[in-house]
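All values reported here derive from a predicted model rather than from experimental measurement. As the structure lists them, so they are numbered: ligands from 1, and atoms in each ligand from 1. Just the heavy atoms: all of them, side chains too, but no hydrogens, waters or symmetry mates, feed the values below.
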Amino acid sequence: MADYEDNKQNTSFTLFNNETGKSYELPVIKGKDGPNVLDIRKLYQETGMFTYDPGFTSTASCDSSITFIDGNKGILRHRGYDIHELASHSEFLEVCYLLLHGDLPSPEDKQKFKDVIRNHTMLHEQLVHLYRGFRRDAHPMAIMVGVVGALSAFYHDSTDFSDINQRMIACHRLIAKIPTIGAMAYKYSIGQPFVYPRNDLSYAENFLYMTFSVPTEEFKISKKIVQAMDRFFVLHADHEQNASTSTVRLAGSSGANPFACIAAGIASLWGPAHGGANEAVIKMLEEIGDVKNIPEFINKAKDKNDPFRLMGFGHRVYKNYDPRASVMKESAHEVLEELNKLDDPLLKIAIELEKIALKDEYFIEKKLFPNVDFYSGIILKALGFPTSMFTVLFAIGRTVGWISQWKEMIEDPINKIGRPRQLYLGKTSREFQKESTREKKSIFKWLWK
Ligand code: SDX
């Protein structure tokens, strides 16, 4: 957290405790864009009270200069550049440089960065054996958590993160190796041999090569498909303080190894409410099965007593169309056209579902729009990925965001360990009960059968 003397406004909020008659000044700190914040860092010390915000719906957990989202206007910018511009004119490794270093690279720096990343794409051969410890039907996300966490056992030459060189090599290793790890997880699940990276290919093409090529045949793939894969990674690169990024920051705030922190981020992303939604969207579209069944599922999503939610819809921040979803929708059309699959029934159901939902009072009133996961699964399925690999692809794109946010936190001179407090609602102090005096009731009735 930077010091805010220059950002402090002369405005403040006055908190008045009508029990004690005391009032407290809460300074306002102005952001460069988006909402200002109330500085409550001294609140507990001055009032003896905490704020209460489960799920952090109104809480800024940190300051950052990497990604800005305006949820009401459906705006997403990385270091000031709009996502539509980056998705149209940039390639993924250029966006990686932007997120890490704050500006788009010069042509020379772009080439140097690509060369550095290329030199780290291979895995240590001992790590290759780690895959053999998993069952073949292990979920690829379980393998990602395990193998990325295991990287921390291999790199003892980059553990002093106060040293910029060691910090940067850890960032480069993660960006470079995550596609290799993801492709190997897929190969392992289908019993095919691992394919080593090729440094003559671009980042996205190399990933598709390691995933879909076989030693017995020449690998051919269209430029449009490579471009769609690269754009997919750009659209997933970073997204402010989402659940998995906050997990990485909290893990990293204790000084934990960045490889272990990214493994924690992968674990958080796996949840169906977060990155696991792209896999859940396809399962939902397949369950809907036909356009005529859409009204039944829309009603289920609106039914308070039904836990079913429209996967790929809604967002904590976006109360407008997720800008990534509109780019993803265009990309889905391009990919399906390129692969002659425009008659894909899932695309038809998705388009019809979106049309009906966006006209429905419930979705309008709750401002529920398609998010990044709604169309992404259709692209990935058309490219030949099994649904179990969808969140792995999200993780490959998001690794640069996680590690950029980790780097920003580590480089913050006032970096503190994250340690939230709580509202305690448990038992107050009570005498210890001797076993003989305890009630005979058992809470294990359902286990004791
Ligand atoms: C990602 O944070 C990020 O930036 C994440 C992400 C990133 O790039 O990192 O953008 C990636 O995770 C996208 C989101 C993918 N998840 C899904 O598509 C799962 C389906 N969506 C929901 O589970 C939900 O919308 C969340 C989790 C995304 C957001 O939940 P919130 O902000 O906690 O909102 P909420 O659950 O309080 O919902 C508000 C209301 C509720 O109704 P009420 O209790 O007010 O009556 O809207 C309803 C919800 O029941 N609602 C939905 C709904 N999403 C919210 N109702 C039906 N279908 C849905 N999808």
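- Side chain to side chain, S162 and D160 meet the donor-acceptor criterion of an N or O pair below 3.5 Å.
- Here salt bridge (Lys or Arg N to Asp or Glu O under 4.0 Å) pairs that include residues 166-188, with residues two or more places apart or in two chains, are D157-R173, R167-E411.
- Pairs of residues two or more places apart, or lying in two chains, that qualify as side-chain hydrogen bond (donor to acceptor under 3.5 Å, both in side chains) and include a residue from residues 366-376 are E354-Y375.
- Remark: the S222 side chain and the E338 side chain contain an N/O donor-acceptor pair separated by less than 3.5 Å.
- For ligand 1, the 4.0 Å heavy-atom shell contains residues H239, N242, P272, A273, H274, A277, A301, K304, R309, L310, M311, G312, F313, G314, H315, R316, R324, Y362, K366, L368, N371, D373, F394, R398.
- Residues satisfying the side-chain hydrogen bond (donor to acceptor under 3.5 Å, both in side chains) criterion with N119, sequence neighbours excluded, are absent altogether.
- Scanning both residues, F369 and L358, for their nearest heavy atoms gives CD2-CD2, 3.9 Å.
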